[in-house]
Number of protein chains: 2
Amino acid sequence: MSNRSNTQHMLSRAEVPRGLSRDEQIYRDILEAVVEHRLAPGARLPEDSLSDVFGVSRTVIRKVLQRLALEKLVLIRPNRGAQVAQPSAKEAQDVFAARILIEPAMMADVCRRVTDTQLDQLQQVVDEERLAQQTGRQSDAISLSARFHVQLLAIAGNEVITEQVAQLTTRSSLIIAVYGSRNSVGYECGGHGELIGLLRLGDDKGASAWMHRHLSQILESLEFDLGAPGTPDFHTIFQRK
Amino acid sequence: MSNRSNTQHMLSRAEVPRGLSRDEQIYRDILEAVVEHRLAPGARLPEDSLSDVFGVSRTVIRKVLQRLALEKLVLIRPNRGAQVAQPSAKEAQDVFAARILIEPAMMADVCRRVTDTQLDQLQQVVDEERLAQQTGRQSDAISLSARFHVQLLAIAGNEVITEQVAQLTTRSSLIIAVYGSRNSVGYECGGHGELIGLLRLGDDKGASAWMHRHLSQILESLEFDLGAPGTPDFHTIFQRK
DNA sequence: CGCCAGCTTTCTGTATACATTTCTAAAAAC
DNA sequence: GTTTTTAGAAATGTATACAGAAAGCTGGCG
């Protein structure tokens with residue numbers, strides 16, 4: 001009892017100054033695990049286990065899970081706890097339709113406002129992404145791919161849209177975890193470098209078209225007919241009658 | 001102690017069957033109050049007071065406040081509690097820029113998919129809105145105006161976008177509470193009927209252009225130079241020196 | 001008369017206890 | 001041997017206690 005209290009105090013003094021509240025840190029840890037496909041869609045997230053792992057009470061865990069639920073990365077069913085979301089095919093299509101509407105349309109503003117420094121930073125992300133891809137660190141590659149899109153959109157300067165796109169990219173990671181084929185990730189990686197070239201040339205139409213194509217390709221590469229994400233249908237799987 | 005417990009049990013049996021959890025009901029109550037400008041931007045929202053009013057513990061209130069904070073309707077500052085958000089001018093512009101990007105673009109899908117029944121339902125909302133406006137029920141008028149946009153966008157069938165627009169409309173209500181002039185609400189009301197006409201004709205370009213104009217007018221009508229939302233500047237107000 | 005120090009009050013942050021629900025599995029009935 | 005029932009275990013929903021931070025207030029001092 002008392003040692004728990006001490007632990008709490010020690011943590012609060014050691015971690016809060018590092019700029020992130022405990023909530024935020026735990027949120028990011030779980031978010032990262034979901035985005036990087038280390039937590040599979042459908043995985044259960046019991047509050048007690050997470051409390052133990054992170055060394056906080058269920059109160060804090062619940063707060064984090066509720067936030068993740070509002071962002072559609074986690075599904076909370078009343079009295080049944082939380083699990084990593086399993087986006088439906090419809091949801092996947094809606095998410096990409098939203099991205100295809102928003103992201104290409106923002107390329108004009110991005111092109112107009114982007115600075116050389118920002119282009120270099122984007123290039124750096126792409127390089128890291130490629131490296132991660134080549135060295136087989138799939139998780140990092142996925143994270144970096146999502147970061148590329150968010151960092152790109154942020155250049156336009158509209159924080160509301162940036163935040164929306166950030167959410168859509170994380171949801172996309174989950175969607176790729178469920179419906180992605182080998183190709184999906186390939187598209188994510190290969191292309192990003194090209195876009196930087198178009199931005200350097202100031203070709204806003206080209207950038208917009210590129211983005212439209214890029215997102216469409218990812219959407220196309222998804223395999224919605226493979227295993228339904230819900231309950232596995234054993235009759236289909238084992239071909240019994 | 002025991003009577004509190006009893007109260008809890010009685011409520012849970014009486015209210016949950018009505019389809020809404022207590023959380024959800026309280027969330028909607030506060031949301032409605034914010035959207036309808038009955039809770040002014042900047043108003044403090046102490047957990048204890050709300051607990052008393054709604055007859056639940058702070059646990060439930062906190063959950064609701066955190067949700068509202070993620071939706072940017074409430075600002076939670078660590079150790080300082082919650083208050084109704086006071087969107088900045090920048091935020092207001094970003095919100096409307098997002099709406100101007102999304103909503104007109106969706107009119108094509110809406111036009112293609114809308115049914116007569118849905119048009120009648122929309123007309124009903126507009127009628128109620130006008131009635132509320134004429135009888136001076138400003139609060140209801142604002143609510144109905146926001147509902148019109150959400151219900152309209154929902155016709156396109158993209159749930160992701162519908163939810164994003166729903167959030168943007170509630171944020172818009174807050175923005176209008178801060179920066180709105182008399183005109184703002186006028187635009188909201190007067191025009192919605194026109195759009196239904198265009199939809200009946202199947203004029204998707206017209207509907208899109210109308211929506212663009214509509215949102216631009218509201219944005220134009222905002223008065224950003226009036227009192228900064230932060231701390232009131234008494235020197236300016238009282239013209240001392 | 002105004003200003004600041006220190007106390008008091010109020011409110012938030014977190015942990016924890018307890019009630020309720022759900023899930024599991026063993027036992028009983030068919 | 002299969003199904004149903006029912007006790008037990010485990011996990012969630014909510015309330016509450018307590019610690020800590022911020023705001024307000026009073027008394028003393030300049």
Side-chain angles (χ1 to χ4, degrees), chain A residues 1-27 30 42-70 74-84 231 240, chain B residues 1-27 30 42-70 74-85 231:
Chain A
M1 226 193 285
S2 64
N3 61 0
R4 260 216 185 265
S5 291
N6 289 341
T7 305
Q8 179 198 341
H9 299 160
M10 283 164 55
L11 284 175
S12 70
R13 239 181 302 186
E15 296 201 359
V16 166
R18 279 211 280 142
L20 257 61
S21 65
R22 277 188 299 172
D23 303 352
E24 189 67 23
Q25 187 58 58
I26 296 172
Y27 164 77
I30 298 180
R44 305 219 62 227
L45 301 168
E47 298 175 0
D48 286 333
S49 318
L50 295 172
S51 302
D52 288 345
V53 170
F54 289 104
V56 296
S57 76
R58 282 176 49 215
T59 310
V60 178
I61 297 296
R62 282 177 73 81
K63 179 177 173 181
V64 170
L65 289 177
Q66 277 156 16
R67 175 170 174 189
L68 290 165
L70 287 176
V74 156
L75 175 68
I76 295 180
R77 290 177 303 172
N79 286 315
R80 293 187 190 189
Q83 58 182 281
V84 179
T231 318
R240 280 283 177 83
Chain B
M1 224 196 289
S2 66
N3 60 0
R4 261 218 185 262
S5 291
N6 288 340
T7 305
Q8 179 198 342
H9 298 161
M10 284 162 55
L11 283 175
S12 70
R13 239 182 302 186
E15 296 200 359
V16 166
R18 279 212 278 141
L20 255 61
S21 66
R22 276 188 301 174
D23 304 353
E24 189 67 23
Q25 186 59 57
I26 295 171
Y27 164 76
I30 298 180
R44 304 218 61 228
L45 301 169
E47 298 175 0
D48 287 334
S49 318
L50 294 172
S51 301
D52 288 345
V53 170
F54 289 104
V56 296
S57 78
R58 281 175 50 215
T59 309
V60 178
I61 297 296
R62 281 178 74 82
K63 178 177 172 182
V64 170
L65 289 177
Q66 277 156 15
R67 175 169 174 189
L68 290 165
L70 288 176
V74 156
L75 175 69
I76 296 180
R77 289 177 302 170
N79 286 316
R80 292 189 190 185
Q83 59 181 281
V84 179
T231 319

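A, B, ... follow the sequence lines: proteins, then strands. Residue 1 opens every chain.
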Non-hydrogen atoms of R77(B) and Q83(B) that approach each other most closely: NH2-NE2, 3.2 Å
Rounded distance (Å) that lies between atom C1' of dA22(D) and atom CD1 of I76(B): 16 Å
Set of residues satisfying side chain to side chain donor-acceptor pair (under 3.5 Å) with respect to S51(B), sequence neighbours excluded: none
Strand-adjacent residues in residues 77-85 of chain B, judged by heavy atoms under 4.0 Å from DNA chain C: P78(B), N79(B), G81(B)
By salt bridge (Lys or Arg N to Asp or Glu O under 4.0 Å) - contacts of R62(B) (at least two apart): E47(B)
Between P of dG13(D) and CD of E24(B), the distance in whole Å: 14 Å
With Q66(B) via side chain to side chain donor-acceptor pair (under 3.5 Å) - residues at least two apart: none
Listed nucleotide nearest any side-chain atom of R58(A), set dT12(C), dA11(D), dG13(D): dG13(D)
Contact under 4.0 Å: R62(A) side-chain N or O vs dG13(D) OP1/OP2: yes
Rounded distance in Å - CD1 (I61(A)) to P (dG13(D)): 14 Å
Closest to the V60(A) side chain, choosing from dA15(D), dT12(D), dT14(C): dT14(C)
Length of the NZ-C1' vector between K63(A) and dT14(D), whole Å: 18 Å
R44(B) vs T59(B), nearer the 5' end of DNA chain C by closest nucleotide: R44(B)
Under 4.0 angstrom between S57(B) side-chain N/O and dA15(D) OP1 or OP2: yes
Nearest-angstrom distance from the residue atom CD of Q66(A) to P of dT14(C): 14 Å
dT14(C) phosphate, OP1 or OP2, under 4.0 Å from R22(A) side-chain N/O: yes
S49(B): side chain to side chain donor-acceptor pair (under 3.5 Å) partners, not counting sequence neighbours: none
Contacts of D23(B) that satisfy salt bridge (Lys or Arg N to Asp or Glu O under 4.0 Å) - sequence neighbours left out: K63(B)
Given dT14(C), dA15(D), dA15(C), the nucleotide with the shortest approach to the side chain of D23(A): dT14(C)
For atom CD of E47(B) and atom P of dA21(D), their distance in whole Å: 17 Å
Nearest-angstrom distance from the residue atom CG of L65(B) to C1' of dT12(C): 11 Å
Interatomic distance, L70(B) atom CG to I76(B) atom CD1 [nearest 0.5 angstrom]: 8.0 Å
Gap between atoms CG and P, on D52(A) and dA15(C) respectively (whole Å): 12 Å
